[in-house]
Every structure is written in structure tokens, then in C-alpha cells.
Amino acid sequence: MLKEGCPGSREIRSPYPEPLRCAYCEAENEIWSDEPETRCRSCGRTIDRKMREICILWCPSAKECVGIEKYERITRALRGSASGPHK
């Protein structure tokens, strides 16, 4: 259940597409603001990006605010478990 009053999780509650260039083939791709990685449409490799730190790393209500699945996926990426080149 998402908390409507939390401004810190706005990008997670209402994700939006962003451009992301593949580090392997330089193709332009699209990634959503709440995704740490995506698959390149051109070469098929997994590309990831550095996500900016957001409140879910320190907020005690984060799991309830964004949902457990998103919480785990995003905190894993923010803590550096994603591999491969960052762009």
C-alpha cells in the first residue's frame, strides 16, 4: 500500500520513462525511473544504471510505502549488487 503523503517516494509511486544508452552497443533504450536495469533492445544485454539514493534506504515505513517487491529490488540495486557498466 502506497502512502500518498510521502514526497520522497514519488518516482517509485509514479514512475516515468527515461532514456538510457547501452554501454555495450551505444543504442538508445528506455528505462523507467523505478528500474535499476533493463535489457537492451538492440544487443539484448542487460544494462543498468546508477540510481540516485532515495528515502527507502532509511525510512522505517518504506516497505509499506512502496511495496515489498519494489522495496527489495530497488534497495538491492542501490546497495550495489547490480553488475555491469553504469551509464
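All figures in this text were calculated on a predicted structure; none of them were measured in a lab.
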Find out if a path of hydrophobic residues (ILVMFWY) with successive side-chain heavy-atom gaps under 4.5 Å connects Trp32 to Ile74.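 Per the 4.5 Å side-chain linkage, Trp32 and Ile74 are not co-clustered.
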
Of all the heavy-atom pairs spanning [X] and [Y], show the shortest one and how long it is.
| X | Y | value |
| --- | --- | --- |
| Arg73 | Pro36 | NH1-CD, 3.4 Å |
| Thr75 | Glu72 | OG1-O, 3.4 Å |
| Ile56 | Tyr71 | O-CE1, 3.4 Å |
| Gly44 | Arg39 | O-NH1, 2.5 Å |
| Ile47 | Cys22 | CG2-SG, 3.6 Å |

Drop me the distance from [X]'s [atom1] to [Y]'s [atom2], to the nearest 0.5 angstrom.
| X | Y | atom1 | atom2 | result |
| --- | --- | --- | --- | --- |
| Glu18 | Ile31 | CD | CD1 | 7.5 Å |
| Glu69 | Lys63 | CD | NZ | 14.0 Å |
| Cys43 | Glu26 | SG | CD | 10.0 Å |
| Arg45 | Glu37 | CZ | CD | 13.5 Å |

Taking C-beta and beyond as the side chain, do [X] and [Y] meet within less than 4.5 Å on heavy atoms?
| X | Y | result |
| --- | --- | --- |
| Cys65 | Cys59 | no |
| Cys25 | Cys40 | yes |
| Leu20 | Thr38 | yes |

Short side-chain to backbone donor-acceptor contact, Asn29 and Ala27, under 3.5 Å: yes

Within the side chain of Arg41, is there an N or O that forms a donor-acceptor pair under 3.5 Å with the backbone of Glu28? yes

